[in-house]
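All figures in this text were calculated on a predicted structure; none of them were measured in a lab.
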Amino acid sequence: MASEHVDAGKLSERIEILRLVRGENEYRWELLRWSWARVELQQKRNNFSTHGIGAAGAELVLRRQELTLLDAVRWRGRHLFLTGIAPRGRNHLAVTAALVEVRVCRDPETGLAFPGVVTEKYLGHRQEEPMAVNPMRHILITHPEIVLQPGHLVEVDGESWPVTMVHRLDPWKTEYEIEREVEL
């Protein structure tokens, strides 16, 4: 995608531009508009999380339009977490994204439901007698408007996880470390 010229005929994939909106007691991704794009899956992983492992990556080219890293794209039923937006010539945008699975999350204290993305953070393994215990640590990535507190619980796909740490260094997302121990 190095060339500045974009053949309009190659923008052949119909994508949905999504924006997170707040309802009465939930956040949800809503269709903002349809657009045409060229979508290429990448061989390298997209490191969309500062504290977790990456996901499969994609690069898109689309006509210039209002689009920020707070938005998302749905392509062929798959959710694309936007990680970079740059001008491409006069009329187009080059967008990098991670292909992720959106999880249903809920703050049990407030009842607020919201979409989140979970990625793994490898912590290790330790042997205890007579059983093995594996600490599971994941990174929950949410829109920056969603605020969870360390020490409180968050439900991810119906399972409760303690929030152990909050990372708010990025204006486009918040990363929460969630952890629990699982017997093997």
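Side-chain N/O atoms of Glu109 and His152 include a donor and acceptor closer than 3.5 Å.
Here the CD1-NE2 distance, from Ile178 to His138, works out to 6.5 Å after rounding to the nearest 0.5 Å. How far CD1 of Ile139 is from OG of Ser49: 5.5 Å, rounded to the nearest 0.5 Å. If you take CZ on Arg180 and OG1 on Thr164, they are separated by 13.0 Å, rounding to the nearest 0.5 Å. Atom-to-atom distance recorded for Arg88:CZ and Leu62:CG is 11.0 Å, nearest 0.5 angstrom. Residue Arg90 holds its CZ atom at 10.5 Å from NE2 of His92, rounded to the nearest 0.5 Å. To the nearest 0.5 angstrom, Ile15 atom CD1 is 12.5 Å from Arg38 atom CZ.
Shown here are the salt bridge (Lys or Arg N to Asp or Glu O under 4.0 Å) partners of Glu177, two or more places apart in sequence or in another chain: Lys121, Arg137.
A parallel orientation is assigned to the rings of Tyr27 and His143, their planes being inclined by less than 30° (bins at 30° and 60°).
By the 6.0 Å and 45° rule, Arg63 does not stack over the aromatic ring of Trp36.
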Pair Glu101-His79, side chain to side chain contact (heavy atoms under 4.5 Å, CB included): steps then yes or no: CA-CA 6 Å; Glu101 182 180 336; His79 190 90; over 6 Å; no
Test side chain to side chain contact (heavy atoms under 4.5 Å, CB included) applied to Gln149 and Val147, step by step: CA-CA 7 Å; Gln149 300 301 323; Val147 178; 3.4 Å; yes
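Between the side chain of Thr142 and the backbone N or O of Gly116 there is no donor-acceptor pair closer than 3.5 Å. One N or O on the side chain of Asn46 and one on the backbone of Phe48 form a donor-acceptor pair closer than 3.5 Å. For the pair Arg14 (side chain) and Ala37 (backbone), a donor-acceptor distance under 3.5 Å is absent.
For the pair Pro115/Trp29, a side-chain contact is recorded, criterion being any heavy-atom separation below 4.5 Å from C-beta on. Annotation: side chain of Leu82 is not in contact with side chain of Thr96 (no heavy-atom distance under 4.5 Å). Contact of the Arg22 side chain with the Ile146 side chain is not registered, since no non-hydrogen atoms from C-beta on lie closer than 4.5 Å. Between Leu20 and Arg28 the shortest side-chain heavy-atom distance does not fall below 4.5 Å. Using a 4.5 Å heavy-atom cutoff, the side chains of Trp34 and Glu16 are in contact.
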Side-chain donor-acceptor pairs under 3.5 Å in residues 66-73, sequence neighbours left out?
residue: Glu66; atom: OE2; partner: Arg19; partner atom: NH1; Å: 3.3
residue: Glu66; atom: OE2; partner: Arg19; partner atom: NH2; Å: 3.3
residue: Thr68; atom: OG1; partner: Leu70; partner atom: N; Å: 3.1
residue: Asp71; atom: OD1; partner: Arg19; partner atom: NE; Å: 2.7
residue: Asp71; atom: OD1; partner: Arg19; partner atom: NH2; Å: 3.2
residue: Asp71; atom: OD2; partner: Arg19; partner atom: NH2; Å: 3.0
residue: Asp71; atom: OD2; partner: Thr68; partner atom: N; Å: 3.0

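Hydrophobic clustering (ILVMFWY, side-chain heavy atoms < 4.5 Å, transitive): Leu99 and Val117 are in distinct clusters. Residues Val156 and Met165 do not share a hydrophobic cluster, clusters being chains of Ile/Leu/Val/Met/Phe/Trp/Tyr side chains in contact below 4.5 Å. Hydrophobic clustering of Ile, Leu, Val, Met, Phe, Trp and Tyr side chains at less than 4.5 Å, counting indirect connections, unites Tyr176 with Phe114. By the criterion of side-chain heavy atoms lying less than 4.5 angstrom apart, applied directly or through intervening Ile, Leu, Val, Met, Phe, Trp or Tyr residues, Val166 is not grouped with Leu169; the two fall into different hydrophobic clusters. Note on Met136 and Ile141: separate hydrophobic clusters, where clusters join Ile, Leu, Val, Met, Phe, Trp and Tyr whose side-chain heavy atoms are under 4.5 Å apart, directly or indirectly.
The two residues Glu40 and Gln42 make their nearest non-hydrogen contact at O-NE2, 3.2 Å. Summarising the geometry of Leu93 relative to Gln65, their closest heavy-atom pair is CD1-O, 3.8 Å, with the distance given to 0.1 Å. Residues Gly111 and Asn25 come closest through the heavy atom pair O-ND2, 3.1 Å. Between Glu179 and Trp161, the shortest heavy-atom contact is N-CE3, 3.8 Å. When all heavy atoms are compared, the tightest approach of Lys173 to Phe81 is CD-CZ, 3.8 Å. When all heavy atoms of Val154 and Pro108 are compared, the closest pair comes out as CA-CD, 4.0 Å.
Under a 4.0 Å N-O distance rule, the pair Glu13/Arg76 qualifies as a salt bridge.
Of the residues Leu112, Leu153, Leu140, the one that meets the side-chain contact (heavy atoms from CB on, under 4.5 Å) test with Leu148 is Leu140.
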